[in-house]
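Nothing fancy with the numbering, it's 1 onward along the sequence.
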Amino acid sequence: MSVAPPPRRDSVTTIGEDGSRRFLFPADSRGPLTRARRASALGLIALYAALPWIRVGGYPAVFLDVARRRFHLFGLTLAAQDLWLMFFLITGLGFSLFVVTALFGRIWCGWACPQTVFLDHVYRRFERWFEGDALARRRLADAPWGPEKAARALAKHGAYLLVSLGVAHVFLAYFVSLPELWAMMRTGPAAHPGAFLFVGLATGLAYFNFAWFREQLCIIICPYGRMQSVLTDEHTLVVGYDAARGEPRGPAGQPGVGDCLACERCVRVCPTGIDIRQGLQLECIGCTACIDACNEVMRRVGRPEGLVRYDSQAGFAGRGRRWWRPRLGMYGLLLALGAAAALWAAAGIHPLLLSATRMVGAPYYVDENFVRDQFLIRVVNKQDHPVRLQLSLSGLPPGAAARGCEAPLTVAPMGEEVRPLILEQARAAFRGSFAVRLRADDGRAVTEADRPLEFLGPLPARDGP
């Protein structure tokens, strides 16, 4: 059986000296932190699967209806024109992550990141069920191919594909309503080629990632690990090793050694293959598997737990930990400013969107009697019931008239209506461009167009030579 070389701080454990990929076989850990992480992961997976079913305001809690250009987020409905608000959501999540990282290190990676949640608590569960513990998996990987190895591999990868297919279908449910998704699933790929291609690609990516690529996503692709040196400081809570207590290492009973037994149990359970005793490293995702593994060994030999624990680098050095630091104030201030701006912007969202754009072609038309401008009125109803509107214009000068807004306009629920609008002014009365305001009245409130309509025409003739 092949034995992996010990991890080194100055190299990546999963890359061999010749540049080849070295696969990891992390052992299972047991303990209160592992149980808490598993409960958290199962809750997050249940939430992921349930959000398309939970209805808020008549629509799924999260429903990105790209086909109809409507985006429903926990009762808030955004049209395509409102997507600029996503800037506040994305930056708010970013600053929230900054605050959490400054306080608790990479707790997101170890406890809530979808990569960790699905890999550790779903795919590796199947791997252990079909192939055994870490030692059995390593032996099986080194063994020549035979009926037993092939059967176990087929069962494991079949389970991977089924889980990946389920994850992809749930992901599609965030973009397609559940009745539509169910109808698509009962028809052939030719009826909905785009949806089937989407599910096929998502399934393939999930399978490739969780069956083969695995920890390489965290080590090679994800930029978050490389940002921890910027976002954290010596008072950030991290998973670390108490070198003052543990060194020098040696077996129990040997005089002059510390509490670390050099059992390597913390290394064998690490999902990225590092040795936590070598200090804070880019590959550490803060999963706490090494904490539970070390505490289990400490209990067995009757020594205090916490040789590997959550603490700050200042705490491990015996200087104590400070919760408040200037960077937290800066991150918190930016987060508060962003949240205030987001609330102000969200308060300005109206259930109706009214706009008018100039028709394609010449900006204006002139004949013997009139100057004419042509527009398209567009009304978007973001409510779940139809609305009847009366359009009107204000600011028309004498001699100007409008055609296209006389009759009431009915817009279906979550619908959109487009109507032509023609503005005319007698050529003799035209004295230059002017602006008018377009309004829509539904009997309860008046909605004004996002910008005024500018009436254009030829330059008026100058008097005199």
Side-chain angles (χ1 to χ4, degrees), residues 65 67-71 76-88 341 344-463:
D65 192 355
R68 298 175 180 85
R69 296 184 294 178
R70 302 290 184 275
F71 307 93
L76 179 65
T77 297
L78 302 177
Q81 297 89 340
D82 300 323
L83 284 185
W84 61 275
L85 290 170
M86 296 298 292
F87 167 80
F88 295 105
W344 173 80
I349 295 178
H350 198 277
L352 287 175
L353 285 179
L354 178 64
S355 63
T357 56
R358 194 175 299 275
M359 287 188 185
V360 177
Y364 60 87
Y365 298 89
V366 181
D367 58 23
E368 294 180 358
N369 300 314
F370 292 99
V371 179
R372 185 174 71 251
D373 285 23
Q374 301 178 148
F375 299 88
L376 283 178
I377 300 173
R378 181 167 174 261
V379 184
V380 178
N381 179 17
K382 296 187 288 182
Q383 303 168 92
D384 57 359
H385 57 81
V387 61
R388 183 179 173 86
L389 301 170
Q390 180 61 58
L391 302 176
S392 62
L393 291 168
S394 64
L396 284 174
R403 287 182 289 146
C405 59
E406 300 86 358
L409 177 66
T410 300
V411 188
M414 304 305 300
E416 177 180 326
E417 291 291 334
V418 177
R419 171 179 290 189
L421 172 66
I422 298 175
L423 298 182
E424 290 182 334
Q425 188 178 34
R427 187 171 182 180
F430 181 72
R431 293 294 182 268
S433 63
F434 57 86
V436 296
R437 303 296 305 195
L438 175 65
R439 294 184 173 89
D441 187 353
D442 64 358
R444 294 174 299 178
V446 176
T447 302
E448 193 168 279
D450 52 357
R451 58 176 60 91
L453 283 66
E454 187 176 7
F455 187 91
L456 302 177
L459 293 174
R462 294 188 303 172
D463 297 331

**Report entry** Atom of A412, atom of N381 and distance for their closest heavy-atom approach
**Finding:** O-ND2, 3.1 Å
Query - Note: E368-R427 ion pair, threshold 4.0 Å (strictly below) - result: no
Query raised in the report: Just by distance, do the side chain of D450 and the backbone of S355 share a donor-acceptor pair under 3.5 Å?
Result: no
Query raised in the report: Taking side chain as C-beta onward, heavy atoms only, is S392 less than 4.5 Å from D441?
Result: no
Requested in this report: Report yes if the side chains of L393 and L421 come closer than 4.5 Å at any heavy-atom pair, otherwise no.
Outcome: yes
Query raised in the report: Rounded to the nearest 0.5 Å, how far does OG1 of T410 lie from CG of D442?
Result: 11.5 Å
Query raised in the report: Which pair of non-hydrogen atoms, one from V411 and one from E416, has the smallest distance, and what is that distance?
Result: CG1-N, 4.0 Å
**Report entry** Heavy-atom closest contact (P420 atom, L376 atom, distance)
**Finding:** CA-CD2, 4.1 Å
Query raised in the report: Judged by atom type as modelled, is there a donor-acceptor pair below 3.5 Å linking the side chain of E424 to the main-chain atoms of G399?
Result: no
Query raised in the report: In Å, rounded to the nearest 0.5 Å, how long is the span from CD of E417 to CD1 of I377?
Result: 12.0 Å
Query raised in the report: Would you find a donor on one side and an acceptor on the other, under 3.5 Å apart, between the side chain of R70 and the backbone of A67?
Result: no
Query raised in the report: So how far is it from T357 OG1 to F375 CZ, rounded to the nearest 0.5 Å?
Result: 9.0 Å
**Report entry** Distance in Å, F370 CZ paired with L423 CG, rounded so as to fall on 0.5 Å steps
**Finding:** 13.0 Å
Report task. Give a yes or no on this: more than 12 heavy atoms of other residues, nucleotides or ligands lie within 6.0 Å of atom CH2 of W84. Result -> yes
Query raised in the report: Given side chains that start at C-beta, do those of F455 and V371 come closer than 4.5 Å, heavy atoms only?
Result: yes
Query raised in the report: Taking all non-hydrogen atoms of both residues, which atom of F430 and which atom of L456 are closest, and how far apart?
Result: CZ-C, 4.3 Å
Requested in this report: Determine yes or no for a side-chain-to-main-chain donor-acceptor pair under 3.5 angstrom, with R358 supplying the side chain and E454 the backbone.
Outcome: yes
Report task. Sequence neighbours left out, what passes salt bridge (charged side-chain N to carboxylate O under 4.0 Å, His left out) with E448? Give chain and number order. Result -> R437, R439
Query - Side chains of Q425 and F434 in contact at under 4.5 Å (non-hydrogen atoms) - result: yes
Report task. Assess whether atom OH of Y365 is packed by more than 12 heavy atoms of other residues, nucleotides or ligands within 6.0 Å. Result -> yes
Query - Closest non-hydrogen atom pair between P408 and Q390, with its separation - result: CG-OE1, 3.6 Å
Report task. Check whether any side-chain heavy atom of L354 sits under 4.5 Å from a side-chain heavy atom of L352, and report yes or no. Result -> no
Query raised in the report: With R419, which residues qualify under salt bridge (charged side-chain N to carboxylate O under 4.0 Å, His left out), at least two apart?
Result: none
Report task. Examine distances only and state if a side-chain atom of R372 and a backbone atom of I422 form a donor-acceptor pair shorter than 3.5 Å. Result -> no
